[in-house]
Amino acid sequence: QVRLQESGGGSVQAGGSLRLSCAGSGNTFSKLYMGWFRQAPGKEREGVAGADPDGSTYYADSVRGRFTISLDNHGNTHLQMNDLRPDDTAMYYCAADLWILGRRADDLSSRNFRYWGQGTQVAVSS
(Lines give C-alpha, C1' and ligand atoms only; values in the text may rest on other atoms or scores of the structure.)
Protein backbone atom coordinates (compact mmCIF):
# COMPACT_ATOMS: atom_id res chain seq x y z
CA GLN A 1 0.00 0.00 0.00
CA VAL A 2 1.38 3.38 -1.05
CA ARG A 3 0.89 6.23 1.40
CA LEU A 4 1.24 9.87 0.39
CA GLN A 5 1.56 12.95 2.57
CA GLU A 6 1.51 16.48 1.19
CA SER A 7 3.03 19.57 2.77
CA GLY A 8 3.82 23.14 1.81
CA GLY A 9 0.45 24.71 1.18
CA GLY A 10 -0.45 28.15 2.47
CA SER A 11 -1.57 31.64 1.60
CA VAL A 12 0.25 33.94 -0.77
CA GLN A 13 -0.41 37.09 -2.76
CA ALA A 14 -0.79 37.01 -6.53
CA GLY A 15 2.59 36.79 -8.20
CA GLY A 16 4.10 34.89 -5.30
CA SER A 17 5.47 31.36 -5.10
CA LEU A 18 4.88 28.20 -3.11
CA ARG A 19 6.53 24.81 -3.15
CA LEU A 20 4.44 21.75 -2.43
CA SER A 21 6.02 18.47 -1.39
CA CYS A 22 4.67 14.95 -1.26
CA ALA A 23 6.38 12.14 0.58
CA GLY A 24 5.59 8.61 -0.50
CA SER A 25 6.02 5.53 1.66
CA GLY A 26 5.07 1.88 1.80
CA ASN A 27 5.94 0.98 -1.77
CA THR A 28 8.36 -1.85 -2.35
CA PHE A 29 7.11 -3.06 -5.72
CA SER A 30 7.94 -0.59 -8.41
CA LYS A 31 8.89 2.93 -9.21
CA LEU A 32 6.00 5.35 -9.10
CA TYR A 33 4.68 7.87 -11.52
CA MET A 34 3.25 10.79 -9.61
CA GLY A 35 1.07 13.80 -10.17
CA TRP A 36 -0.59 16.81 -8.67
CA PHE A 37 -4.27 17.57 -8.90
CA ARG A 38 -6.35 20.40 -7.56
CA GLN A 39 -9.97 21.02 -6.74
CA ALA A 40 -11.52 24.41 -6.12
CA PRO A 41 -14.90 24.78 -4.40
CA GLY A 42 -17.72 23.92 -6.78
CA LYS A 43 -15.36 22.67 -9.47
CA GLU A 44 -14.20 19.26 -10.62
CA ARG A 45 -10.80 17.92 -9.72
CA GLU A 46 -8.28 18.69 -12.45
CA GLY A 47 -4.84 17.41 -13.24
CA VAL A 48 -2.12 20.01 -12.87
CA ALA A 49 1.18 18.24 -13.45
CA GLY A 50 2.55 14.72 -13.72
CA ALA A 51 5.93 13.03 -13.87
CA ASP A 52 7.25 9.61 -14.85
CA PRO A 53 10.41 8.04 -13.41
CA ASP A 54 12.09 8.31 -16.83
CA GLY A 55 12.07 12.11 -16.49
CA SER A 56 9.01 12.84 -18.60
CA THR A 57 6.82 15.63 -17.28
CA TYR A 58 3.35 16.81 -18.20
CA TYR A 59 1.45 19.99 -17.46
CA ALA A 60 -2.02 21.40 -17.82
CA ASP A 61 -2.10 24.38 -20.17
CA SER A 62 -3.22 26.63 -17.33
CA VAL A 63 0.03 26.13 -15.40
CA ARG A 64 2.63 25.40 -18.07
CA GLY A 65 5.55 27.79 -17.70
CA ARG A 66 4.62 28.68 -14.13
CA PHE A 67 4.65 25.31 -12.32
CA THR A 68 7.43 22.73 -12.28
CA ILE A 69 7.09 19.17 -11.08
CA SER A 70 10.01 17.07 -9.95
CA LEU A 71 10.24 13.43 -8.93
CA ASP A 72 13.06 11.69 -7.11
CA ASN A 73 13.97 8.03 -6.90
CA HIS A 74 12.48 7.61 -3.46
CA GLY A 75 8.82 8.16 -4.29
CA ASN A 76 8.78 11.86 -3.44
CA THR A 77 7.52 14.65 -5.64
CA HIS A 78 7.59 18.43 -5.46
CA LEU A 79 5.58 21.10 -7.23
CA GLN A 80 7.22 24.50 -7.53
CA MET A 81 4.51 27.07 -8.22
CA ASN A 82 5.57 30.51 -9.40
CA ASP A 83 3.59 33.55 -10.53
CA LEU A 84 0.56 32.32 -8.64
CA ARG A 85 -2.85 33.68 -9.55
CA PRO A 86 -6.12 33.86 -7.61
CA ASP A 87 -7.60 31.14 -9.80
CA ASP A 88 -4.85 28.78 -8.61
CA THR A 89 -6.63 28.74 -5.26
CA ALA A 90 -7.65 25.17 -4.51
CA MET A 91 -6.99 22.08 -2.47
CA TYR A 92 -3.97 20.40 -4.01
CA TYR A 93 -3.63 16.62 -3.96
CA CYS A 94 -0.66 14.40 -4.59
CA ALA A 95 -1.35 11.15 -6.43
CA ALA A 96 0.68 8.17 -7.55
CA ASP A 97 0.58 4.74 -9.12
CA LEU A 98 2.96 1.96 -10.06
CA TRP A 99 5.05 2.55 -13.16
CA ILE A 100 4.37 -0.83 -14.71
CA LEU A 101 2.66 -2.27 -17.79
CA GLY A 102 3.03 0.95 -19.73
CA ARG A 103 1.18 3.07 -17.23
CA ARG A 104 2.20 6.73 -17.25
CA ALA A 105 1.15 10.08 -15.88
CA ASP A 106 0.75 11.66 -19.31
CA ASP A 107 -3.01 12.21 -19.53
CA LEU A 108 -3.27 13.75 -16.04
CA SER A 109 -6.45 11.78 -15.49
CA SER A 110 -7.42 10.98 -11.93
CA ARG A 111 -8.56 7.54 -13.15
CA ASN A 112 -4.92 6.58 -13.71
CA PHE A 113 -3.89 7.21 -10.13
CA ARG A 114 -4.91 4.80 -7.39
CA TYR A 115 -3.09 6.34 -4.46
CA TRP A 116 -3.94 9.76 -3.06
CA GLY A 117 -2.84 12.07 -0.31
CA GLN A 118 -5.17 14.03 1.94
CA GLY A 119 -4.51 17.36 0.26
CA THR A 120 -2.98 20.69 1.15
CA GLN A 121 -4.71 24.05 0.76
CA VAL A 122 -3.35 26.81 -1.45
CA ALA A 123 -4.92 30.27 -1.30
CA VAL A 124 -3.86 33.11 -3.58
CA SER A 125 -5.15 36.60 -2.92
CA SER A 126 -5.27 39.42 -5.42
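Treat the numbers as computed from the prediction; the structure is a model and nothing was measured. Side chains included, hydrogens not; waters and symmetry mates left out as well; all remaining heavy atoms used.
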**Prompt:** How many angstroms lie between atom CD of Gln39 and atom OG of Ser110, to the nearest 0.5 angstrom?
**Reply:** 9.5 Å
**Request:** In plain terms, say whether Arg85 and Asp88 are close enough for a salt bridge, that is, a side-chain N and a carboxylate O under 4.0 Å apart.
**Result:** no
**Prompt:** Applying the 4.5 Å side-chain criterion to the ILVMFWY set and letting contacts propagate, would Tyr58 and Phe113 be lumped into a single cluster?
**Reply:** no
**Message:** Would the distance check show the side chain of Gln121 and the main-chain N or O of Gly10 forming a donor-acceptor pair, the cut-off being under 3.5 Å?
**Reply:** no
**Request:** Report the distance from atom OG1 of Thr57 to atom CG of Asp52, rounding to the nearest 0.5 Å.
**Result:** 9.0 Å
**Asked** Any side-chain heavy-atom pair from Gln80 and Ser70 closer than 4.5 angstrom?
**Response** no
**Item:** Stacked cation flag Arg3 on Trp116, 6.0 angstrom / 45 deg
**Value:** no
**Request:** Give the intermediate values and the outcome of side-chain contact (heavy atoms from CB on, under 4.5 Å) for residues Ser56 and Asp106.
**Result:** CA-CA 8 Å; Ser56 301; Asp106 55 350; over 6 Å; no
**Complete:** dist Ser25:OG -> Gln1:CD (nearest 0.5 Å) comes out at 9.5 Å
**Asked** About how many Å separate NZ of Lys31 and CH2 of Trp99, when rounded to the nearest 0.5 Å?
**Response** 6.0 Å
**Message:** Is it the case that the side chain of Asp61 and the backbone of Arg64 share a donor-acceptor pair, with hydrogens and angles ignored and the cut-off at 3.5 Å?
**Reply:** no
**Prompt:** With a 4.5 Å heavy-atom cut-off, do Val122 and Leu20 have their side chains touching?
**Reply:** yes
**Asked** Taking all atoms of both residues into account, what is the closest heavy-atom pair of Ala40 and Ala90, and its distance?
**Response** N-CB, 3.8 Å
**Asked** Given Asn112 and Asp107, is the side chain to side chain donor-acceptor pair (under 3.5 Å) satisfied, shown in steps?
**Response** CA-CA 8 Å; Asn112 282 339; Asp107 66 356; 2.9 Å; yes
**Fill in**
When every non-hydrogen atom of Leu108 is compared with those of Ala60, the smallest separation belongs to CD1-N, 3.7 Å
**Request:** Kindly work out whether a path of hydrophobic side-chain contacts (I/L/V/M/F/W/Y, heavy atoms less than 4.5 Å apart) joins Leu101 to Leu32.
**Result:** yes
**Asked** Is the closest side-chain heavy-atom distance between Gln5 and Asn76 below 4.5 Å?
**Response** no
**Message:** Measuring only between side-chain heavy atoms, which start at C-beta, is Ile69 closer than 4.5 Å to Met34?
**Reply:** no
**Asked** Is a side-chain donor or acceptor of Thr120 paired with a backbone partner of Gly9 at a separation under 3.5 angstrom?
**Response** yes
**Message:** Using every non-hydrogen atom in the two residues, find where Gly47 and Phe37 come nearest and quote the distance to one decimal.
**Reply:** CA-CD2, 3.4 Å
**Residue pair Ser62 / Arg38, side-chain heavy-atom distance below 4.5 Å** = yes
**Complete:** When rounded to the nearest 0.5 Å, the distance separating CG of Asn82 from OG of Ser17 is 3.5 Å
**Prompt:** Which is it for Ser21 and His78 under the side chain to side chain donor-acceptor pair (under 3.5 Å) test, yes or no, and what are the steps along the way?
**Reply:** CA-CA 4 Å; Ser21 295; His78 306 278; 2.8 Å; yes
**Item:** Heavy-atom side-chain contact between Asn73 and Pro53 under 4.5 Å
**Value:** no
**Request:** Report yes if some heavy atom in the side chain of Met81 is under 4.5 Å from a heavy atom in the side chain of Arg19; otherwise report no.
**Result:** no
**Request:** Would you name the heavy atoms of Leu71 and Ala51 that are closest together and state the gap between them?
**Result:** CD2-O, 3.7 Å
**Prompt:** Looking at Leu18 and Leu84, what are the two nearest heavy atoms and their distance?
**Reply:** N-CD1, 3.8 Å
**Request:** Please assess Asp83 against Arg66 for the test salt bridge (Lys or Arg N to Asp or Glu O under 4.0 Å), listing each intermediate value before the final yes or no.
**Result:** CA-CA 6 Å; Asp83 191 22; Arg66 300 187 297 123; 5.0 Å; no
**Asked** Any side-chain heavy-atom pair from Leu4 and Val2 closer than 4.5 angstrom?
**Response** yes
**Sub-6.0 Å ring centroid separation between Trp36 and Phe67** = no
**Message:** For Tyr33, does the six-membered ring have the charged nitrogen or CZ of Arg103 within the cation-pi criterion, i.e. under 6.0 angstrom from the centroid and within 45° of the normal?
**Reply:** no
**Request:** Drop me the distance from Ser125's OG to Gln13's CD, to the nearest 0.5 angstrom.
**Result:** 5.0 Å
**Shortest non-hydrogen separation from Val48 to Tyr92 and the atoms involved** = CG2-CE2, 4.4 Å
